[in-house]
Amino acid sequence: MKVNGKIVTELGLKIDPLKDKIEYQGEVLKPKKLTYILLNKPKNMITTNSDPQGRKTVIDAVASATTERVFPVGRLDRNTTGILLLTNDGDLAKKLTHPSHRVRKIYHVSLDKPVAEEDMQKLMDGITLEDGEAKVDKIDYVIGKTTNEVGVEIHSGKNRIVRRMFEALGYQVEKLDRTAFGSLTKKNLPRGSWRILTDNEVSFLKMM
């Protein structure tokens, strides 16, 4: 290995990857640039880095955003729309998805029939699913909409948790849209579009 053109012979040499030129086996190593992208995911898109069936993925959707290899933080199933964070910052991704940090997620849920108030209370109190108890933090009817539509705030990261909770009470979810993830919202971000997070947004996520 060479640093700034000189062969390294000293163990424990301190290197600044942002300032020093590092070469290994004749190739200049470039430091990874931490990248944070917010996508408003459309329907029928897979939340994965690749798909053997050739379906469009969230990585395809942000291909023009960066040359860095990013990955989605958490999952949205194929038919769920809304905001999704993609990054190459493994430490932040681990923090945001760990249950102990209780990162909030807000969903706009459209159902096949009006939601009874007693069922909303059941979701607040907690219901038993096949993988344990699940409950929402907040739930209410969406202002200006029918009683078939509710807003749900939840911190659980279990797979398909919102759909499964409503299905357990006899409802079918017709549309599911994530409108907030932590401090991030889809304000001014049209469906299918993406944007790079600001430094302030990244700092706020790291403080959560």
Side-chain angles (χ1 to χ4, degrees), residues 36-48 55-58 60-62 72-86 96-97 99 101-198 201 204-205 208:
Y36 309 88
I37 305 166
L38 189 66
L39 170 70
N40 188 346
K41 176 188 170 297
K43 195 175 179 180
N44 294 320
M45 184 175 284
I46 309 299
T47 305
T48 184
R55 294 171 295 183
K56 190 169 184 181
T57 72
V58 293
D60 297 326
V62 300
V73 178
R75 297 180 66 86
L76 291 178
D77 63 39
R78 185 169 62 89
N79 291 324
T80 300
T81 59
I83 64 167
L84 180 70
L85 178 64
L86 298 102
L96 293 176
T97 53
H101 289 281
R102 299 180 62 87
V103 175
R104 72 162 190 166
K105 305 165 191 75
I106 298 178
Y107 293 88
H108 182 163
V109 192
S110 300
L111 299 136
D112 61 336
K113 58 186 178 182
V115 182
E117 290 188 10
E118 56 264 36
D119 286 336
M120 291 198 290
Q121 187 60 51
K122 288 178 184 177
L123 292 171
M124 288 284 293
D125 294 337
I127 60 174
T128 302
L129 302 177
E130 64 273 18
D131 54 352
E133 187 184 67
K135 62 181 179 179
V136 304
D137 299 317
K138 297 178 183 178
I139 184 170
D140 206 346
Y141 298 115
V142 176
I143 297 175
K145 303 291 184 179
T146 69
T147 52
N148 289 43
E149 299 182 46
V150 294
V152 170
E153 181 175 329
I154 192 170
H155 68 269
S156 172
K158 291 182 179 179
N159 187 41
R160 299 184 71 253
I161 187 65
V162 175
R163 291 182 186 275
R164 289 193 291 126
M165 284 194 295
F166 279 102
E167 288 169 1
L169 294 177
Y171 298 88
Q172 287 297 316
V173 176
E174 296 185 338
K175 292 181 182 179
L176 185 61
D177 185 58
R178 186 158 73 182
T179 60
F181 177 73
S183 55
L184 305 173
T185 72
K186 64 176 190 175
K187 183 179 180 181
N188 299 324
L189 188 64
R191 184 73 45 79
S193 299
W194 57 265
R195 67 175 179 82
I196 303 295
L197 294 193
T198 66
E201 286 175 321
F204 199 87
L205 287 175
M208 291 183 65

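Every value quoted in this text rests on a predicted model; they were computed, and no experiment measured them.
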About how many Å separate CD of Glu149 and CG of Asp140, when rounded to the nearest 0.5 Å? 13.0 Å
Any ion pair linking Lys122 and Asp125 (charged N to carboxylate O, less than 4.0 Å)? no
Do Leu197 and Leu205 touch side chain to side chain, with heavy atoms closer than 4.5 Å? yes
When you compare the side chain of Arg178 with that of Lys105, does any pair of heavy atoms fall below 4.5 Å? yes
Going through the checks in order, is the side-chain contact (heavy atoms from CB on, under 4.5 Å) test met by Gln172 and Glu167? CA-CA 6 Å; Gln172 287 297 316; Glu167 288 169 1; 4.2 Å; yes
Can you tell me how far apart CZ (Arg195) and CD1 (Ile37) are? Round to the nearest 0.5 Å. 11.5 Å
Under-4.0 Å salt bridge between Arg164 and Glu130: yes
Please test Thr81 against Leu176 for side-chain contact (heavy atoms from CB on, under 4.5 Å), starting from the C-alpha separation and ending with a verdict. CA-CA 6 Å; Thr81 59; Leu176 185 61; over 6 Å; no
Just by modelled atom types, is the Ser110 backbone N or O under 3.5 Å from a matching donor or acceptor in the Lys145 side chain? no
On a heavy-atom basis, the closest approach of Gly192 and Pro42 is CA-CD, 4.0 Å
Any non-hydrogen side-chain atom of Asp119 less than 4.5 Å from a side-chain atom of Tyr171? yes
Tightest non-hydrogen contact, residues Ile46 and Arg55, listed as CD1-CZ, 3.8 Å
Are more than 12 heavy atoms from other residues, nucleotides or ligands located less than 6.0 Å from atom NZ of Lys158? yes
Ignoring hydrogens and geometry, is there a side-chain-to-backbone donor-acceptor pair from Lys186 to Asp177 under 3.5 Å? no
Does the side chain of Leu84 come within less than 4.5 Å of Val73's, by heavy atoms? no
CZ of Arg104 to NZ of Lys138, rounded to nearest 0.5 Å, is 8.0 Å
Side-chain heavy atoms of Leu129 within contact of Met165, under 4.5 Å: yes
Side-chain heavy-atom pair Leu86, Trp194 within 4.5 angstrom cut-off: no
Between Asn40 and Ser193, a side-chain donor and acceptor under 3.5 Å: no
Does Leu96 reach the side chain of Phe181, with side-chain heavy atoms less than 4.5 Å apart? yes
Would you check if the side chain of Lys41 reaches a backbone N or O of Arg78 as a donor-acceptor pair within less than 3.5 Å? yes
Show the nearest heavy-atom pair for residues Thr97 and Gly74, with the distance to one decimal. CG2-N, 3.9 Å
Pairwise distance NE2(His108) to OG1(Thr179) - rounded to 0.5 angstrom: 8.5 Å
Taking side chain as C-beta onward, heavy atoms only, is Thr147 less than 4.5 Å from Val115? no
With Thr80 as partner, the option from Lys43, Arg163, Arg160 fulfilling side chain to side chain donor-acceptor pair (under 3.5 Å) is Arg163
Test item: Arg75 side-chain N/O and Thr47 main-chain N/O as donor-acceptor pair under 3.5 Å: yes
Ignoring hydrogens, what is the shortest heavy-atom contact between Ile127 and Ala168? Give both atom names and the distance. CD1-CB, 4.0 Å
Do other residues, nucleotides or ligands put more than 12 heavy atoms under 6.0 Å from the CD atom of Glu174? yes
What's the separation between atom CG in Asp77 and atom CG in Asn159, rounded to the nearest 0.5 Å? 7.5 Å
From Ile83 atom CD1 to Leu184 atom CG, the distance as rounded to the nearest 0.5 Å: 5.5 Å
